[in-house]
Structure formats: structure tokens, C-alpha cells
Number of protein chains: 2
Amino acid sequence: MMELTRKGEYAIRGIVYLAGKPIDKVCLLSDIAAAVDVPPTFLAKIFQQFSKMGLVKSFRGTGGGFMLGRAPENITLLEVVEAVEGPIIPNRCVVTPSDCGRSDFCNVHPVWKRVQGGVRGVLEGVTLKELSAGK
Amino acid sequence: MMELTRKGEYAIRGIVYLAGKPIDKVCLLSDIAAAVDVPPTFLAKIFQQFSKMGLVKSFRGTGGGFMLGRAPENITLLEVVEAVEGPIIPNRCVVTPSDCGRSDFCNVHPVWKRVQGGVRGVLEGVTLKELSAGK
DNA sequence: CACTAAAAAGACTTTTTCTATCTTTTTAGG
DNA sequence: CCTAAAAAGATAGAAAAAGTCTTTTTAGTG
Ligand code: SF4
Ligand code: SF4
């Protein structure tokens, strides 16, 4: 249960790598993929998502590539994970209680809310800056 | 990410139902399934797992059925979830760091440990007794 | 003992999600 | 115009989830 997918893992590796570079350095996707050991075509898809959400900036054509969209201390792990995995939802009823007719009287329901809050709290407390810091 | 499967959801519903009955009451699987709105054949598989782990006791043949294996105040939600979903593992490296050659110097790795601890903590703090309590 | 009720066990199917690749298009620099 | 690089979209294979069906074992009952 609760397992991060490969996509999520790859996404983190890729963007943490970027965060470890000078903020304005433009990196080739192929270089990033090689450095973090991820299939380049897969990482391309991931970075496209990042780009749409502004987490990274992309440049096409010759001399193109990717750089971080904001300062690494202003990007949390939560944002990165949710960008590619979607929101943190331990159980469907957390987002749509109406799905389950029991949510009104269900004592389990609030537990999932707490789990959600806990996980989000942990991930929100970590920035790319910290993650990329050497050692 | 982190979504409980149907199996997990069904498992909780089923065992919480049992927890709401007198401890020594034997319930038919078909009755439980109807009461908690779960496909009976699917719930059967789930309860077989519970039975192997001692979370419920089963009785075959005429007059058979299921009852709770222990007092509901001694069964935590964590046990129930892990019984059917397996251990809470936010990322594979939490259980086998060797899978990923980066675990030694990776700053993300410890975050997943914290997530794991947080989720386990929440689920461990909830017992079937509380979950089955009316209101 | 024969009959019936009920769970256990195992095989199997269908659907969905994940993982990954390939091709074509757009953009930009030289 | 040519080349480099990302964007977009289609597709395919593998794995996991969700659910069903059949057969077997166990146990009570007349
Ligand atoms: S039964 Fe409770 S925990 Fe399960 S889906 Fe419904 S509201 Fe959520
Ligand atoms: S890179 Fe870090 S977080 Fe990702 S699998 Fe390896 S050790 Fe775990």
C-alpha cells in the first residue's frame, strides 16, 4: 500500500538533480536522464508535466533544455510528488465522501483524513534545497 | 498516490462490522458481505487471509461462520490494513535500500522513512473498538 | 451414514494502471 | 535551410487489481 510509482521516483530524482545545479544552468534532458539513471523517454514525459506546472522551465531547439522554475528552497517535495502522482489520497472517500453512503456515520473516514494530513505535512516540510544539499 | 485498494477498504468494513457484534457471535460471511456491501466472493478471500493471521476465527460446516479473533480493543487498524495490503511502504528503498545504489547519499530516502513512521503511527493509534463504536 | 451448510483452496477472467517506447510536430539557433 | 532539442500523441507490453467460478474440506443433523 501507499507505494510511490516509478514515475514519482524518477520525477524526484530528476528535479533534485536540477536543484543541485546553478539556478540558471540549462540542462539537457539526455544528460539528466543519464545522471539519475532513468529512461530518457520516460523522463521526457515527466518533465513535460513539470513544465506545464511551472516547476521547471523548458527551452526548445538548439541549446535548449531544462532549468528549475523557481528557487529550490521554494519548491517542496509535496509539490513535486503531487505534480506527477496527483493528490495524496489514502482513500477515495477523502476526496469524494458521497461515493460511499457510509461516510456520514463512518469512524474510519476521519482516520484517512489524518493520514492524508500527516503525509502532506511531512512532504511539505522538505524543500528541494535540502534534498540537493551535498551530504 | 498512496491509495488504499478496494480490497483494503472491504477488509476494514468487514472486520469493523464483526467488531460491532458481541465478541463470541458467529456471523455468516454472506451476512457480513450484504451488511457492508461487498461482493461475497471477494470478501471470502479477504477473510481467509484474516483467518490465517488470527485476526478472525473461522468455523466451517453447518452453523459455521466468522468471529473476531481477539478483543476489538486489541486489534489496531494498522494490523488490519497490513494483513491484506502488506506492509506500509512509501518507496521500495525503505525496505530494500540496496535496490537503489543511491541510498547511501540520498537525502530523500530518510523522508520516506518518516512518512512510513507517520502513517503507521496514525493507524496504530486506532483500534477496532473505536471504529465500531456507535456514533 | 447420508445430507446439507459453510468455509478453504485454487484456477481463471477481466479491467485498470503502470511502464516504456516510438513517431511526428513544433520551436529555436547557427 | 539545417540541425538540435523539447512537445505531443499514439501505441504496446507487463503487472496489479478486482472479481468470479469450481472443487474440496470440514462439520453439524436427521
Ligand atoms: S466506509 Fe468509511 S472509510 Fe470506507 S469509504 Fe466509506 S466513509 Fe470512507
Ligand atoms: S534515490 Fe533515494 S529515495 Fe529514490 S529509491 Fe534511491 S534511495 Fe530511495
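First the proteins, then the strands, lettered A, B, ... as listed; each starts at 1.
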Is there a side-chain polar atom (N or O) of Tyr10(A) under 4.0 Å from OP1 or OP2 of dT19(C)?
-> no

Atom-pair distance (NZ on Lys52(B); P on dA7(C)), nearest Å = 16 Å

Can you tell if the side chain of Tyr17(A) reaches within under 4.5 Å of the side chain of Val38(A), non-hydrogen atoms only?
-> no

Can a donor-acceptor pair under 3.5 Å be found between the side-chain atoms of Lys45(A) and the base atoms of dA8(D)?
-> yes

Candidate nucleotides dA20(C), dA7(C), dA7(D), ranked by approach to the side chain of Ser58(A) - the nearest = dA7(D)

Send over the distance from Arg92(A) CZ to dT16(C) C1', rounded to a whole Å.
-> 12 Å

With sequence neighbours excluded, tell me which residues meet side-chain contact (heavy atoms from CB on, under 4.5 Å) with Arg60(A).
-> none

Is the closest side-chain heavy-atom distance between Met1(B) and Val119(A) below 4.5 Å?
-> no

Which part of the nucleic acid, if any, lies within contact of Phe47(A), taking any heavy atom under 4.0 Å across all strands shown: a base, the sugar-phosphate backbone alone, or nothing?
-> nothing

Side chain of Gln48(A) (C-beta onward), nearest among dA20(C), dA9(C), dA8(D) | dA8(D)

From CG of Leu43(A) across to P of dT21(C) the rounded distance in Å is 12 Å

Give a yes or no on whether the backbone of Thr127(B) and the side-chain of Glu73(B) come within a donor-acceptor separation of less than 3.5 Å.
-> no

Report yes if at least one side-chain N or O of Ser51(A) is closer than 4.0 Å to OP1 or OP2 of dA6(D); otherwise report no.
-> no

Quick one: do Glu9(A) and Arg102(B) make a salt bridge, cutoff under 4.0 Å?
-> no

From CG of Leu18(A) across to P of dA6(D) the rounded distance in Å is 11 Å

Looking at dG19(D), dA8(D), dA7(C), which one has an atom nearest to any side-chain atom of Leu28(B)?
-> dA7(C)

Proximal nucleotide (of dA6(D), dA17(D), dG19(D)) relative to the Arg6(B) side chain = dG19(D)

To the nearest Å, how far apart are Asp37(B) CG and dG19(D) P?
-> 11 Å

So do Arg92(A) and Arg6(B) actually touch side chain to side chain, heavy atoms under 4.5 Å?
-> yes

Starting from P on dA6(C), measure out to CD1 on Ile32(B) and report it in whole angstrom.
-> 12 Å

Is there side-chain contact between Tyr10(B) and Val36(B), with heavy atoms separated by less than 4.5 Å?
-> no

The side chain of Thr5(A) lies closest to which of these nucleotides: dT21(C), dT19(C), dT20(D)?
-> dT19(C)

Sorted by position of nearest nucleotide on DNA chain D, 5' first, the leading residue of Glu85(B) and Pro39(B) is Glu85(B)

Could you encode protein contacts along nucleotides 23-30 of chain C as a string, one character per nucleotide from 5' to 3', using B for base contact, S for sugar-phosphate-only contact and - for no contact, with a heavy-atom cut-off of under 4.0 Å?
-> ---BBBB-

Looking only at side chains, do Glu130(B) and Asn107(A) share a donor and an acceptor under 3.5 Å apart?
-> no

Between CG of Leu29(A) and P of dA7(D) the distance, given in whole Å, is 8 Å

Which whole-number value in Å describes the distance from Gln49(B) CD to dA18(D) P?
-> 13 Å

